[in-house]
Amino acid sequence: MIKITLPDGGQREFPAPLRGDELALNISRSLAKKAVAVRVDDEVKDLSTLIDRDARVAILTAEDPAALDILRHDCAHVLAEAVKELFPETQITIGPVIENGFFYDFARPTPFSLDDLEAIEARMREIVDRDKPITREVWERDKAVAFFRSIGEEYKAEIIASIPAGQEVSIYGQGQWQDLCRGPHLPSTGKLGKAFKLTKLAGAYWRGDSNNEMLQRIYGTCWASEKDLKAHLLMLEEAEKRDHRRLGRELDLFHFQEEGPGAVFWHPKGWSLFRCLIDYMRERQRHGGYHEVNTPELLDASLWVASGHAEKFAEEMFSLHTPDKRHFCLKPMNCPAHVQIFRQGIKSYRDLPFRMSEFGKVHRYEPSGALHGLMRLRAFTQDDAHIFCSESQITEECVTVTNLILEIYRDFGFDQVRVKFSDRPSSRVGSDEVWDKAESALRTAIEAAGLDYVLNPGEGAFYGPKLEFVLRDAIGRDWQCGTLQVDLNLPGRLGASFIGEDGQKHPPVMLHRAMFGSLERFTGILIEHHAGRFPLWLSPVQAVVATITSDADDYAREVTARLFARGIRAECDLRNEKINYKVREHSVRKVPVQLVVGKREAEERTVSVRRLGVAQQRIAPLDEIVMALAREIEDRSPLITDAAAAAVAAE
RNA sequence: GCCGGCUUAGCUCAGAUGGUAGAGCACCUGAUUUGUAAUCAGGGGGUCGCGGGUUCGAUUCCUGCAGCCGGCACCA
């Protein structure tokens, strides 16, 4: 007797083991028709799986979130089958499910074209229409290797050959096509439906290693219904509209040009945003006991040899030779320069911890293909700091830094932050004993701060382990920003020391930390996070005073001057245009506050306040609105949302 | 750096099987004094990314390079 517990709590008993599809049919005919897979206890399996013990069982339909991965995985298989039919000389490799879809990597001498993509998608739809059953067989590993080798699938054979000997492998088949796969899969190709689309072509290295040959990757997206597919495509369009490169142009924030790949030309409005970040951070760091410094961008190569950068970072450094035959490098990091400041004069343990900060501009020769707007540059500014301390101060300093980072992210509206712990990389300086010490110190600190973290093995800096702070933006993308690194190597290498209580010289510990990371990148993240509609305190233009007729010109100038006197970034629009025209233009430019003045306002000394995105206005006395705006800026209030602004307007 | 694609006016984009190009918006000028998302009329503007080749002739075809875009690899 087998007892099956259904999701609704109901129980059914069966005299003998039965398959998932049989159970579905037993429940209802309509469910059997829609069924795509079965969940036995907590494991999702093929519908054909034999249930031979008491279990909790759920029949999954396409709408079930857990079924989506199966759909996508099947879609990858159908893609591969279509490619093999159309281009038999192509070899298959791997085709996993990814966020929102799937991809499949193919090995072939000539790349696919966009036309090929269309043909492949059409063939995929044919394969779905054929509705061939999808079958699962368990093979002996060596048989599978021999089989795939015999049909010319060398990559597949190599993958299977790397599975431990003697282990069984499952082979899924549909029509004439077979692939190694862990499963589970749909009962037949027809169950896949038509809510999929091939999205892009790309090159990708075999086994993700740039020493290997490049394969041809086809990406696709796949959903349970046409409606979901459409929603996803619409979401992509929306995401494109908030792309910081596009908004940077539209809002006149910055530009790039050919002569400076990976280097930003900040326009006044963009620079205003950038300076907001610096001003904010200066204030936070002043309260945090930091001392701001400034160091040279160009330093003799010998310093970079001493620091270890020349050895570990040479490929990424810009270097130049002067007419007098000296060799200089543009700094890729600020740390060695900060050590030079620490080294001036004799330091006592009483001076520690010493927190040295710099908005330091660094240059790194990033690979051309890595450049991406403000997010990945060759010249960028770090909100860098180095905390020189004793070993006994590491934990407390790390905890303080960690808390500060999280607090700062909250101020900018980022609540979801993940922490990664990166330990020693294969290419590094310093002994293993020193690394043991640094890693355990950092781990103690993160535990003391009570943070959850994931291990990121081998990803530390060459001089020490690090924490990386990854924040999630408004549309769910992750960005690595802050970092905290424990360094027991560089101070010694660069000859830094302090006199301890014992009267002896000791090398200090150096904590490297950045909170925004790259100010340019953080600006880019903010642009996308807010879709260009910044909270008032960050807005490059905070208010525009717009006249209805020239009768109000003098008053408008006065209003603008009042705002300006309170430190508010205000502009005055006296142009001979209709108010509709002005309102539209300033709305398109995403100015958060428009103060419209006509004859009436001038006489009554009021303004008509219009918040971005809210059609309804309210009339307020001039004094009141100047004060309210000043307070909103000072409080760094989050963006007044449409709903909140509507409520204010309705008052 | 690797694979593929793209590069035409300030922006978004048309266009010619090879005979030096066009729209909308923006800009300039004039008229209009206007009450909350585009007033009307006129005008100027492009060595079609850069270099080489084929050709009587190249922005169009071929080729090299650069930049950008989508990925991969790398990474703040």
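Lettering follows sequence order; numbering is per chain, from 1.
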Looking only at atom C1', what distance separates B:U60 and B:U55, rounded to whole Å? 13 Å
Presence of donor-acceptor pair under 3.5 Å, side chain of A:Arg376 and base of B:C75: yes
So A:Gly482, base contact, sugar-phosphate only, or nothing? Heavy-atom distance under 4.0 Å. nothing
Measure from the side-chain heavy atoms of A:Leu377 and tell me the nearest of B:C72, B:A76, B:G1. B:A76
Among B:A37, B:A76, B:C2, which nucleotide has an atom closest to any side-chain atom of A:Phe380? B:A76
Considering only heavy side-chain atoms of A:Tyr219, the closest of B:C72, B:C74, B:G67 is B:C72
Neighbour count above 12 (heavy atom, 6.0 Å) for A:Gln257 CD: yes
Same-atom distance (C1') from B:A23 to B:A16, integer angstrom: 16 Å
In whole angstrom, give the distance that lies between atom CD of A:Glu240 and atom P of B:C69. 12 Å
What integer number of Å spans the C1' atoms of B:G24 and B:G71? 33 Å
Ignoring the backbone of A:Arg245, work out which of B:A38, B:C72, B:C69 is nearest its side chain. B:C69
Can you identify which nucleotide, out of B:G67, B:C75, B:G35, has its nearest atom closest to the A:Lys599 side chain? B:G35
Whole angstroms only, please: what is the CD-P distance between A:Glu577 and B:C25? 14 Å
Which nucleotide in the list B:C27, B:U36, B:C68 gets nearest to the side chain of A:Leu371? B:C68
Nearest nucleotide by nearest heavy atom, which residue falls closer to the 5' end of RNA chain B, A:Ala204 or A:Leu215? A:Leu215
Presence of salt bridge, A:Lys420 and A:Glu459, under 4.0 angstrom: no
Comparing A:Gly369 and A:Arg610 on RNA chain B - which has the more 5′ nearest nucleotide: A:Gly369
Using the C1' atom as the reference point in each nucleotide, state the distance between B:G5 and B:U39 in Å, no decimals. 43 Å
Are the side chains of A:Trp223 and A:Leu233 in contact, using a 4.5 Å heavy-atom criterion? no
Give A:Gly203 one of three labels, base, sugar-phosphate or nothing, depending on what nucleic acid heavy atoms sit under 4.0 Å from its own. base
Checking N1-N3 plus N6-O4 or O6-N4 for Watson-Crick, or N1-O2 and O6-N3 for wobble, each under 3.5 Å, the partner of B:C28 is B:G42
Counting heavy atoms from C-beta on, name the nucleotide in B:G35, B:C72, B:A76 closest to the side chain of A:Ile548. B:G35
What verdict does the salt bridge (charged side-chain N to carboxylate O under 4.0 Å, His left out) test give for A:Glu121 and A:Lys197, after you've listed the backbone C-alpha separation in whole Å, the side-chain angles of each residue and the deciding distance to 0.1 Å? CA-CA 7 Å; A:Glu121 191 175 312; A:Lys197 185 173 159 52; 5.2 Å; no
A:Asn580 side chain near B:A37 phosphate (N/O to OP1/OP2, under 4.0 Å): yes
Would you mind reading off the distance between A:Ile218 atom CD1 and B:C72 atom P, rounded to a whole angstrom? 15 Å
Among B:G4, B:A73, B:A76, the one nearest A:Arg521 by side-chain distance: B:A76
Please measure how far the C1' atom in B:G10 lies from the corresponding atom in B:C27, and state the result in whole Å. 8 Å
Please tell me if A:Lys200 has a side-chain N or O lying less than 4.0 Å from either OP1 or OP2 of B:G70. no
Pick base, sugar-phosphate or nothing for A:Gln480, based on heavy-atom distances below 4.0 Å to the nucleic acid. sugar-phosphate
Check whether the side chain of A:Glu585 and the base of B:A26 form a donor-acceptor pair under 3.5 Å. no
For A:Arg611, is there an ion pair with A:Glu632 - N to carboxylate O distance below 4.0 angstrom? yes
When rounded to the nearest Å, what value does the distance between P atoms of B:A26 and B:A41 take? 13 Å
Taking the six-membered ring for Trp, are A:Phe254 and A:Phe274 ring centroids under 6.0 Å apart? no
Check the distance between B:C69's C1' and A:Met375's CE and give it to me in whole angstrom. 15 Å
Less than 4.0 angstrom between a side-chain N/O of A:Ser210 and OP1 or OP2 of B:C72, yes or no? no
The side chain of A:Ser518 lies closest to which of these nucleotides: B:A76, B:G35, B:A37? B:A76
Regarding the side chain of A:Pro367, the nearest nucleotide among B:G70, B:A76, B:C74 is B:C74
Using the P atom as the point on both nucleotides, what is the distance between B:A31 and B:A38, in whole Å? 24 Å
Would you mind reading off the distance between A:Asn212 atom CG and B:C3 atom C1', rounded to a whole angstrom? 14 Å
Distance in angstrom units between A:Phe256 CZ and B:U7 P, rounded: 21 Å
Check every strand shown and say whether A:Arg600 touches a base, only sugar-phosphate, or nothing at a heavy-atom separation below 4.0 Å. base
Distance check: side-chain N/O of A:His372 vs OP1/OP2 of B:G70, anything under 4.0 Å? yes
Tell me whether the OP1 or OP2 atom of B:U33 has a side-chain N or O from A:Arg575 closer than 4.0 Å. no
A:Glu258 CD - B:G49 P separation (whole Å): 11 Å
Would you say the side chain of A:Tyr104 lies within less than 4.5 Å of the side chain of A:Ile218, judging by non-hydrogen atoms? no
At under 4.0 Å between heavy atoms, what does A:His586 touch on the DNA or RNA strands: base, sugar-phosphate, or nothing? nothing
Under 4.0 angstrom between A:Lys466 side-chain N/O and B:A76 OP1 or OP2: yes
Taking the C1' atom of each, how far is B:G52 from B:C11, in whole Å? 32 Å
Describe the nucleic acid contact of A:Ala615 in one word from base, sugar-phosphate, nothing, applying a heavy-atom distance below 4.0 Å. sugar-phosphate
Ignoring hydrogens and geometry beyond distance, is the side chain of A:Tyr205 in donor-acceptor contact with the base of B:G1 at under 3.5 Å? yes
In a check of side chain to side chain contact (heavy atoms under 4.5 Å, CB included) between A:Leu79 and each of A:Phe103, A:Tyr219, A:Phe106, which one passes? A:Phe106
Which part of the nucleic acid does A:Phe522 contact within heavy-atom distance under 4.0 Å: base, sugar-phosphate only, or nothing? nothing
Just checking A:Ser113: base, sugar-phosphate only, or nothing, at a heavy-atom cut-off of under 4.0 Å? nothing
Give a yes or no on whether a salt bridge exists between A:Glu250 and A:Lys241, defined as a side-chain N under 4.0 angstrom from a carboxylate O. no
Within the modelled atom types, does a donor on one side and an acceptor on the other bring the side chain of A:Arg207 and the base of B:A73 under 3.5 Å apart? no
